[in-house]
Peer 1: 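Got a structure for you, written out below as structure tokens; questions coming shortly.
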There are 2 protein chains.
Amino acid sequence: MKRVKKKIFHDYIAKQGLKSTRQRDIILEAFLSSDRHLSIEELYLKLRAKHPNIGYATVYRTLKLFAESGIAREMQFGDGQTRYEHVGEGEHHDHLVCTGCGAIIEFENETIETLQKEVAAAHGFLIQTHKLELYGLCARCRG
Amino acid sequence: MKRVKKKIFHDYIAKQGLKSTRQRDIILEAFLSSDRHLSIEELYLKLRAKHPNIGYATVYRTLKLFAESGIAREMQFGDGQTRYEHVGEGEHHDHLVCTGCGAIIEFENETIETLQKEVAAAHGFLIQTHKLELYGLCARCRG
DNA sequence: CGCATCATGAAAGTGATTTTCACTAACATA
DNA sequence: TATGTTAGTGAAAATCACTTTCATGATGCG
């Protein structure tokens, strides 16, 4: 899985005439081996431990590049920070966001997707993307 | 409708030991008589025409107060600005957001709401709120 | 290796709030 | 009605989370 995504990214870099750098490889490895839904800040802090000389701007720019290459997706969960989640090929999912501990749980529901398409059709609307988030307390936080 | 919301707000103000001020009344009237999904900036500009001495910070603080009192709700549609929409009692709706012209169309779908509850239940999750937005092109922008 | 390009890091800049602060206005209470 | 206490206001400064700039450093094709 990691290898596939690394290849996708390197192919993208090459195709765009960009360069392969030590920093990009380090950030890519850190991103792929970390939690889904990481913010720039979180990834930056995680990296600083082992690579104190990597700048915030580089992490920011590289994450954008990941999104462009298709291995990551930008997300907003209302906490004011942009988060990047891993993208598997073709898959789509929505989220349960715990307002207690901040946990983000993914789920898929085909029926909901179908109904969304019906709603859009009824309004003559052409869907490009959608976003469904359920905010509340996870099983642990309901305590 | 306006009268009901004004009462709700004034009751809230009183209950919290806050004060009723000229500015709050002006902002409340402007909010209630305007488009749904207004940004702070938009409301501020609209107000400046008739009341050039009302500050941005006051509009910002008052809108927050509206949200706390329950007559408005904060929303993010990915354009980097917080928007406030009117809240009717008990009602809930979701949005179609046109990426072409920025139009925001509301819709309701009971079946989707029900399915959301099922998903939450399956994860032991207690829903507080949710957010469903379909991004794409509206009938007009599809051309 | 040479060098045209792209990349990086530190720091400055942005845009949208959010907070601070000195000054007012509300609303009991005298 | 005059006061005192407390909340509210507006202008300006401060935050926050990016985003861009710029001088310097890598890359990698020829």
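Proteins come first, then strands; the chains are lettered A, B, ... in the order of their sequence lines, and each starts at number 1.
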Peer 1: Measuring from the side chain of B:Thr82 (C-beta onward, heavy atoms only), which nucleotide among C:dT17, C:dC6, D:dC18 has the closest atom?
Peer 2: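 Selected nucleotide: C:dT17.
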Peer 1: Write down the distance between CG (B:Asp25) and C1' (C:dA26), rounded to a whole number of angstrom.
Peer 2: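 Answer to the nearest Å: 12 Å.
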Peer 1: For B:Ile13 and A:Asp79, find the nucleotide of DNA chain D closest to each by heavy atoms; which residue's nucleotide sits nearer the 5' end?
Peer 2: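 Its nearest nucleotide lies further toward 5', so the answer is B:Ile13.
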Peer 1: Touch check for B:Arg61, heavy atoms < 4.0 angstrom, all strands: base, sugar-phosphate only, or nothing?
Peer 2: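 If one applies the 4.0 Å heavy-atom cut-off, B:Arg61 turns out to touch a base.
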Peer 1: Looking at D:dG8, does its base get a donor-acceptor pair with the side chain of B:Arg22 below 3.5 Å?
Peer 2: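 Side chain to base: no pair present.
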Peer 1: To the side chain of A:Gln81, which of C:dT8, D:dC18, D:dA12 is closest?
Peer 2: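 My answer, after comparing the listed nucleotides, is D:dC18.
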Peer 1: Please report the distance, rounded to the nearest Å, between CG in A:Leu43 and P in D:dC18.
Peer 2: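 Rounded to the whole Å, the gap is 12 Å.
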Peer 1: Is B:Ile40 reachable from B:Leu32 through a run of hydrophobic residues whose side-chain heavy atoms are each under 4.5 Å from the next?
Peer 2: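 Same cluster.
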Peer 1: Which nucleotide in the set C:dT17, D:dT20, D:dT19 lies at the smallest distance from any side-chain heavy atom of A:Lys64?
Peer 2: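 Among C:dT17, D:dT20, D:dT19, the one nearest the side chain of A:Lys64 is D:dT19.
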Peer 1: Go through C:dT8, D:dT6, D:dT27 for me and flag the one nearest to the A:Arg24 side chain.
Peer 2: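 So the side chain of A:Arg24 is nearest to C:dT8.
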Peer 1: Would B:Glu110 and B:Glu113 satisfy side-chain contact (heavy atoms from CB on, under 4.5 Å), going step by step from the backbone distance to the final call?
Peer 2: CA-CA 5 Å; B:Glu110 261 316 313; B:Glu113 307 267 320; 4.1 Å; yes
Peer 1: Taking only residues two or more places apart in sequence or in another chain, which ones pass side chain to side chain donor-acceptor pair (under 3.5 Å) with B:Glu85?
Peer 2: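 Side chain to side chain donor-acceptor pair (under 3.5 Å) check on B:Glu85 returns B:His37, B:Arg73, B:His93, B:His95.
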Peer 1: For the aromatic rings, using the six-membered ring if either is Trp, is the centroid distance between A:Phe31 and A:Tyr84 under 6.0 Å?
Peer 2: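 Judged by ring-centre distance (under 6.0 Å), A:Phe31 and A:Tyr84 do not meet the cut-off.
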Peer 1: Which nucleotide wins on minimum distance to the side chain of A:Tyr60, given the candidates D:dC18, D:dG8, C:dT8?
Peer 2: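 Looking only at side-chain atoms, A:Tyr60 lies closest to D:dC18.
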Peer 1: Take atom CG of A:Leu65 and atom C1' of C:dC6, then tell me their distance rounded to the nearest Å.
Peer 2: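 Going from A:Leu65 (CG) to C:dC6 (C1'), I get 12 Å.
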Peer 1: Tell me: OH of A:Tyr56 to C1' of C:dA11, nearest whole Å?
Peer 2: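 That distance rounds to 15 Å.
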Peer 1: Given atom CD1 of A:Ile40 and atom P of D:dT19, what is their separation to the nearest angstrom?
Peer 2: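 Atom CD1 in A:Ile40 sits about 7 Å away from atom P in D:dT19.
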Peer 1: Check the distance between D:dC16's P and A:Glu42's CD and give it to me in whole angstrom.
Peer 2: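 Rounding to the nearest Å, CD of A:Glu42 and P of D:dC16 are 16 Å apart.
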Peer 1: Nearest whole angstrom, please: distance from the P of D:dG8 to the CD of B:Gln16.
Peer 2: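 Going from CD in B:Gln16 over to P in D:dG8 covers 10 Å.
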Peer 1: To the nearest Å, give me how far apart CG (B:Leu63) and P (C:dA16) are.
Peer 2: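 It works out to 15 Å between those atoms.
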Peer 1: State whether A:Gln23 places a side-chain N or O below 4.0 Å from either non-bridging phosphate oxygen (OP1 or OP2) of C:dG9.
Peer 2: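 True: A:Gln23 side-chain N/O within range (under 4.0 Å) of C:dG9 OP1/OP2.
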Peer 1: Atom CG in B:Leu96, atom CG in B:Leu132: separation rounded to 0.5 Å?
Peer 2: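 Reported value, rounded in 0.5 Å steps: 8.5 Å.
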Peer 1: So what does A:Ser39 hit on the nucleic acid, given a heavy-atom distance under 4.0 Å: a base, only sugar-phosphate, or nothing?
Peer 2: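 No contact at all - A:Ser39 keeps every heavy atom at 4.0 Å or more from the nucleic acid.
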Peer 1: Is A:Thr21 close enough to C:dC6 that one of its side-chain N or O atoms is under 4.0 Å from OP1 or OP2 there?
Peer 2: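 No.
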